[in-house]
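Quick notes on the structure that follows.
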Amino acid sequence: MLSPETLGICRRDTTNQALITPIGEIDLESAHLLGEALDTCLRDGIRTIDIDASAVTFCDFRGLNVLLTASQHTAMLGGSLRLHSPSPMLTRFLAFAGAGCLLLALPDDLVATTLSPPPSTRYEGMHQLVSVMSTVSGGAR
């Protein structure tokens with residue numbers, strides 16, 4: 001028996017920009033809700049989509065697929081999709097999947113190396129994550 005959908009989605013628009021706030025779990029049963037919300041933004045002519053991920057409590061590969069697909073569709077239409085304020089869990093998941101630079105708009109060298117400090121405090125969490133991952137893996141890349 002499938003569990004009930006555990007994802008709420010709030011949308012707030014300006015003239016040509018939308019802020020989407022998913023609340024809860026993005027998984028097999030609920031990822032389509034986020035996908036539909038992002039598709040609706042594009043159909044409505046929105047080309048700048050910001051996703052406030054601070055209230056996402058879980059995300060699996062189905063959710064990641066929805067985010068990557070929406071990012072690709074948005075880019076093909078000349079727009080941008082950016083993920084903001086992900087939890088440490090979601091940040092680790094994105095880094096593990098190699099999607100951090102696509103969704104967090106981080107430069108590739110920041111994701112790939114720990115030698116230089118982050119350009120601002122906005123990227124501090126990702127920089128610390130990369131440092132921890134490098135230490136755990138013995139520095140192997």
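Atom set for the values below is all heavy atoms of this structure, side chains included, hydrogens, waters and symmetry mates excluded.
- What you find for Ala18 and Cys41 is that their closest heavy atoms are CB-SG, 3.8 Å.
- Summarising the local packing, CZ of Arg47 is surrounded by more than 12 heavy atoms from other residues, nucleotides or ligands at distances under 6.0 Å.
- No continuous path of hydrophobic side-chain contacts links Leu68 to Phe58 [ILVMFWY only; heavy atoms under 4.5 Å].
- Under the 4.5 Å side-chain criterion, counting only non-hydrogen atoms from C-beta, Leu94 is in contact with Leu64.
- For the pair Thr6/Thr57, no side-chain contact is recorded, criterion being any heavy-atom separation below 4.5 Å from C-beta on.
- In terms of modelled atom types and a separation under 3.5 Å, the side chain of Thr69 and the main chain of Val66 share no donor-acceptor contact.
- Rounded to the nearest 0.5 angstrom, Arg92 CZ and Ser87 OG are separated by 7.5 Å.
- A salt bridge does not link Asp52 with Arg12: none of the charged nitrogens is closer than 4.0 Å to a carboxylate oxygen.
- For the residue pair Ala97 and Phe61, the shortest heavy atom distance occurs at CB-CE2, 4.4 Å.
- Contact check for Thr74 versus Leu38: no side-chain heavy atoms found under the 4.5 Å cut-off.
- For the pair Leu34/Ile20, a side-chain contact is recorded, criterion being any heavy-atom separation below 4.5 Å from C-beta on.
- Expressed to the nearest 0.5 Å, how far CZ of Arg11 lies from CD1 of Ile51 amounts to 12.0 Å.
- For the pair Arg62 and Asp27, the tightest heavy-atom approach, listed with the atom from each and the gap, is CG-O, 4.0 Å.
- The shortest non-hydrogen separation linking Asp60 to Leu28 is OD2-N, 3.2 Å.
- Residue Leu19 is not grouped with residue Leu83 when hydrophobic side chains (ILVMFWY) are merged at heavy-atom distances under 4.5 angstrom, including chains of intermediate members.
- Residues Ala53 and Pro86 approach most closely at CB-CA, 4.0 Å, considering heavy atoms.
- Across all non-hydrogen atoms, the minimal contact from Leu67 to Leu81 is O-CD2, 4.4 Å.
- A continuous path of hydrophobic side-chain contacts links Leu33 to Ile49 [ILVMFWY only; heavy atoms under 4.5 Å].
- For the atom pair CG of Asn16 and CD1 of Ile46, the computed distance is 6.5 Å after rounding to the nearest 0.5 Å.
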